[in-house]
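Quick one: the structure is below, and I'll ask about it shortly.
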Amino acid sequence: MKDESEIIITLPDGSQRNYPKGVTAMQIALSISEGLARNVIAAKVGNEVWDPGRAIEENSLVKLLTWNDTDGKATFWHSSAHLLAEALEALYPGVKFGTGPSLERGFYYDVDLGEHSISQDDFPKIEAKMLELARQKNEYVRQPIGKEEAIAYFKEKGDEYKLELLDGLEDGSITLYQQGNFTDLCKGPHIPNTGIIKAIKLTNIAGAYWRNKQENKMLTRIYGITFPKQKELDEHLALMEEAKKRDHRRLGKDLELFAFSEKVGQGLPLWLPKGAMLRERLESFLRKAQTRAGYLPVVTPHIGSKELYVTSGHWDKYGKDSFQPIKTPNIGEEYLLKPMNCPHHCEIYKTSPRSYKDLPIRFAEFGTVYRYEQSGELHGLTRVRGFTQDDAHIFCRPDQVKSEFLKVIDLVLYVFNSLGFDDYSAQISLRDPENKQKYIGADSDWEKAETAIIEAAAEKGLETVTELGEAAFYGPKLDFMVRDALGRKWQLGTIQVDYQLPQRFQLEYTGSDNQKHRPVMIHRAPFGSMERFIAILIENTAGQFPLWLSPDQIAILPISEKYAEYAEEVFFQLQDHDIRGFVDHRDEKIGRKIRDAEVTKVPFMIIVGEKEMEEGKISIRRKGEGDLGSLTIAEFADFFKKEAKV
RNA sequence: GCCGUUGUAGCUCAGGGGUAGAGCACUUCCUUGGUAAGGAAGAGGUCAGGGGUUCAAAUCCCCUCAAUGGCUCCA
């Protein structure tokens with residue numbers, strides 16, 4: 001006979017134990033080992049994360065969470081946000097609170113400071129207060145509360161933001177959490193007490209619209225990060241410093257890849273010779289892959305008649321927020337800087353009648369487009385106002401959509417793999433079902449397109465996340481997202497299924513039935529844009545590009561000017577083997593020349609002096625590795641060719 | 001676009017109401033050196049731009065521009 005007052009707790013390893021009803025995760029941990037109990041900061045009960053001190057009433061699967069679990073960290077940081085709030089309330093009486101969630105790395109709290117204002121200079125003071133409160137080891141106490149009562153509490157406190165949040169909550173599901181003198185509306189969970197927060201760093205301060213809506217008031221958002229050990233905070237800060245060194249804006253300047261000029265204009269990058277070199281190599285790499293995959297190159301102008309974009313719908317959708325029309329001496333004649341290549345490609349499609357036998361047709365172009373991005377959005381090369389898409393449009397029959405889509409996925413993955421981009425996520429970007437007026441086209445087309453994407457991604461075994469509201473206005477997308485050095489997410493490759501533009505442009509083909517049919521369009525860009533892709537490439541490689549992409553692959557370093565002539569000769573011979581580089585003719589010692597080649601990340605150094613000249617050889621030194629010994633030019637060229645393979 | 005921060009030599013930065021500083025880079029000279037910085041001298045700035053306060057502004061205030069951290073947006 002089962003004891004009614006006991007419940008069965010199943011642990012992740014499958015083992016089961018009996019505990020009295022109402023047992024807490026902390027008690028379970030204690031029953032296993034004291035060491036474990038010290039480290040437990042939350043628990044996963046079934047599918048929910050719970051406070052370790054919350055009573056478990058039913059048979060459950062329980063996973064004890066520590067700092068090493070993602071959910072454990074999230075709980076830790078969420079509790080840290082409450083600690084920040086407590087400190088702010090103590091230091092700035094009357095402050096009102098928005099929301100304070102955990103992030104992937106750290107947490108923030110949005111606050112309305114009222115009369116007060118704070119800046120980064122106040123961080124030490126706030127951090128000190130947080131530490132002081134942490135040391136009090138105040139417990140996080142969960143208090144279920146009725147809605148009426150909660151409303152009364154926050155009315156009394158005068159916090160209209162919490163009242164607004166309460167408005168959307170259902171009676172019976174509301175809880176408050178209290179630690180020390182601070183009480184917050186919060187569904188939890190939280191760590192046992194503030195004492196385990198040992199290391200605190202507030203990182204930055206920014207404005208953020210209440211509830212992320214532009215029409216709302218702007219609150220002050222304070223970001224921070226905390227750790228259970230000071231050492232971990234130190235390590236984190238050191239890691240951030242390292243990440244900053246990989247910032248493409250820093251490296252772009254150091255390695256002379258690109259620049260910006262106030263005089264040229266905001267968000268309009270200038271490609272310097274080394275950057276242009278890199279870019280050209282990437283372009284020819286993709287051109288080659290695209291030729292193999294049956295793409296046909298096309299070229300279109302940088303401007304197009306406004307009518308073109310009225311037809312495509314771009315003018316209607318983005319017209320007022322883009323670069324404004326270019327006028328001609330003729331009255332009423334207007335042109336737009338090209339914001340997208342697709343309308344031009346549609347017109348190319350229309351230059352001749354198409355048969356079902358011709359399809360799919362794949363037009364590819366490195367097309368430079370101009371978009372008036374909001375000034376606050378511009379960011380290095382990742383968000384600019386003039387950029388080049390590795391664009392192509394596939395016009396195909398409806399029955400070809402899926403196979404074409406699959407081929408494009410292959411191409412994108414080939415590009416990513418070739419460049420060592422293994423840390424990406426595939427995102428299916430669908431329409432926001434709540435906000436359908438943001439998009440053009442019939443529901444049935446959208447459904448077909450969305451189904452095609454979902455099926456194709458599944459067929460390729462891609463691990464995807466789905467985001468509602470992220471679709472383009474004419475169709476859903478499969479986006480390949482990557483992170484930059486500082487952890488921000490960017491869209492690189494994108495594949496989009498589009499039923500709208502073929503209709504707007506009245507695109508047709510003649511079917512086997514001798515009837516007119518409408519093709520489907522697939523927009524795709526494996527890099528996304530050359531600018532953004534290169535930005536991420538710079539950060540991923542920390543400027544140490546694969547050999548085949550390096551702007552300078554070799555630096556020829558004569559020991560002294562006596563060997564200048566031999567160095568030149570070696571240079572020309574290596575050039576004949578398609579090896580790029582330069583001779584360092586400066587009047588410097590070899591140590592200096594090596595150092596400079598090392599810091600500018602040249603993959604190979606060729607050292608030539610008395611010995612080499614006599615033997616007709618060259619000494620090879622590899623960046624970061626050192627002397628590789630001497631070879632003949634032909635030997636080196638062979639070795640190099642193998643190394644430089646994509 | 002919004003909230004905040006920043007803007008001093010080519011770069012990285014110090015200074016902070018009383019005639020502008022360092023290191024690196026650059027130029028010249030010396031040095032001809034064998035695997036991560038040889039030495040010396042020199043040149044270089046309307047202190048982002050404009051307006052104001054002041055006997056005096058790079059420094060304080062306002063505006064503009066740009067960069068930057070976020071938010072919003074992102075075809």
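Chain letters run A, B, ... following the sequence lines, proteins first, then strands; residues in each count from 1. Everything numeric here is computed off the predicted structure, so don't read it as measured data.
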Would the base of B/rC73 count as contacting A/R383 through its side chain, where contact means a donor and an acceptor less than 3.5 Å apart? yes
Does A/R250 come within less than 4.0 Å of A/D254, counting only side-chain N to carboxylate O? yes
Less than 4.0 angstrom between a side-chain N/O of A/R592 and OP1 or OP2 of B/rG38, yes or no? yes
Indicate, yes or no, whether a donor-acceptor pair under 3.5 Å links the base of B/rU31 to the side chain of A/D587. yes
What's the closest nucleotide to the side chain of A/M218 if the choices are B/rC2, B/rG38, B/rC73?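 Between B/rC2, B/rG38, B/rC73, the one nearest the side chain of A/M218 would be B/rC2.
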Between A/K477 and A/E612, which residue's closest nucleotide on RNA chain B lies nearer the 5′ terminus?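 Comparing both residues, the 5'-ward one is A/E612.
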Can a salt bridge be assigned to the pair A/R362 and A/E404 using a cut-off of 4.0 Å between side-chain N and carboxylate O? yes
Measuring only the C1' atom in each nucleotide, how far is B/rC13 from B/rG45? A whole number of Å is fine. 15 Å
Can you classify the ring geometry of A/F527 versus A/F533 as parallel (below 30°), tilted (30 to 60°) or perpendicular (above 60°)?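 Answer is tilted, since the angle falls between 30° and 60°.
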Would you state whether a donor and an acceptor, one from the side chain of A/E262 and one from the base of B/rA66, lie under 3.5 Å apart? no
Do the charged groups of A/D596 and A/R586 touch, with an N to O distance under 4.0 Å? yes
Check whether any side-chain N or O of A/R250 sits under 4.0 Å from OP1 or OP2 of B/rU12, and answer yes or no. yes
Any residue of residues 111-127 of chain A with a heavy atom less than 4.0 Å from an atom of RNA chain B: none
Check each of A/R621, A/K593, A/R592 against A/E598 using the salt bridge (Lys or Arg N to Asp or Glu O under 4.0 Å) test, and report the only one that passes.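 The single option meeting the salt bridge (Lys or Arg N to Asp or Glu O under 4.0 Å) with A/E598 is A/R621.
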Of A/R385 and A/A208, the one whose closest nucleotide on RNA chain B sits nearer the 5' end is A/R385
Pair A/E164 + A/R211, salt bridge at N-O below 4.0 Å: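 Result for this pair is yes, salt bridge flagged.
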Counting just side-chain N and O atoms, does A/Q266 come under 4.0 Å of either OP1 or OP2 of B/rA67? yes
Taking only side-chain nitrogens and oxygens of A/R595, does any of them come within less than 4.0 Å of OP1 or OP2 of B/rU35?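 False: A/R595 side-chain N/O out of range (4.0 Å or more) of B/rU35 OP1/OP2.
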Does A/R221 make a cation-pi contact with A/Y109 (under 6.0 Å, within 45 degrees of the axis)? no
Minimum-distance nucleotide to A/Y209 side chain [options: B/rC2, B/rU35, B/rC11]: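 The nucleotide sitting nearest to the side chain is B/rC2.
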Assess whether a salt bridge exists between A/E539 and A/R249, defined as any Lys/Arg side-chain N lying under 4.0 Å from an Asp/Glu carboxylate O. no
Mind telling me whether A/F363 and A/H345 have parallel, tilted or perpendicular rings, with 30° and 60° as the class edges?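 Judged by the thresholds at 30° and 60°, the geometry between A/H345 and A/F363 is perpendicular.
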Specify the residues of residues 550-568 of chain A, ordered by number, for which at least one heavy atom lies under 4.0 angstrom from an atom of RNA chain B.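 The answer is A/I559, A/S560, A/E561, A/K562.
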When you measure only distances, ignoring hydrogens and angles, does the side chain of A/D110 come within 3.5 Å of the base of B/rG70 through a donor and an acceptor?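 Side chain to base: no pair present.
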Taking only the side-chain nitrogens and oxygens of A/H379, find out if one of them lies under 4.0 Å from OP1 or OP2 of B/rG69. yes
Verify the contact: side-chain N or O of A/K253 to OP1 or OP2 of B/rU12, cut-off strictly under 4.0 Å; return yes or no.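 For B/rU12, OP1 or OP2 has a side-chain N or O of A/K253 closer than 4.0 Å.
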For the pair A/D432 and A/K438, find out whether any cationic side-chain nitrogen is under 4.0 Å from an anionic carboxylate oxygen. no
So, is A/R221 close to the B/rG4 phosphate, meaning a side-chain N or O under 4.0 Å from OP1 or OP2?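 Answer is no, no contact under 4.0 Å.
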Per atom distances to the A/R249 side chain, the nearest of B/rU68, B/rC74, B/rG34 is B/rU68
Using the P atom as the reference point in each nucleotide, state the distance between B/rU5 and B/rA43 in Å, no decimals.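 Per the computed distance, 40 Å lies between those P atoms.
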Residue pair A/E467 / A/S429, side-chain donor-acceptor N/O under 3.5 Å: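 No, no side-chain donor-acceptor pair sits under 3.5 Å.
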Which value, in whole Å, describes the distance between the C1' atoms of nucleotides B/rC60 and B/rA67?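 Here B/rC60 and B/rA67 have their C1' atoms 23 Å from each other.
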Assign A/Y223 to base, sugar-phosphate, or nothing according to its heavy-atom contacts below 4.0 angstrom with the strands shown. sugar-phosphate
With a 4.0 Å cutoff (strictly under), does any side-chain N or O of A/R371 reach OP1 or OP2 of B/rC73?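 False: A/R371 side-chain N/O out of range (4.0 Å or more) of B/rC73 OP1/OP2.
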Using atom P of each nucleotide, how far apart are B/rU64 and B/rC24 to the nearest Å?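 Each nucleotide's P atom is 40 Å from the other's.
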Phosphate OP1/OP2 of B/rC71: any A/R488 side-chain N/O under 4.0 Å: no
Base, sugar-phosphate or nothing for A/D627? Non-hydrogen atoms, less than 4.0 Å.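 Answer is base: heavy atoms of A/D627 come under 4.0 Å of a base.
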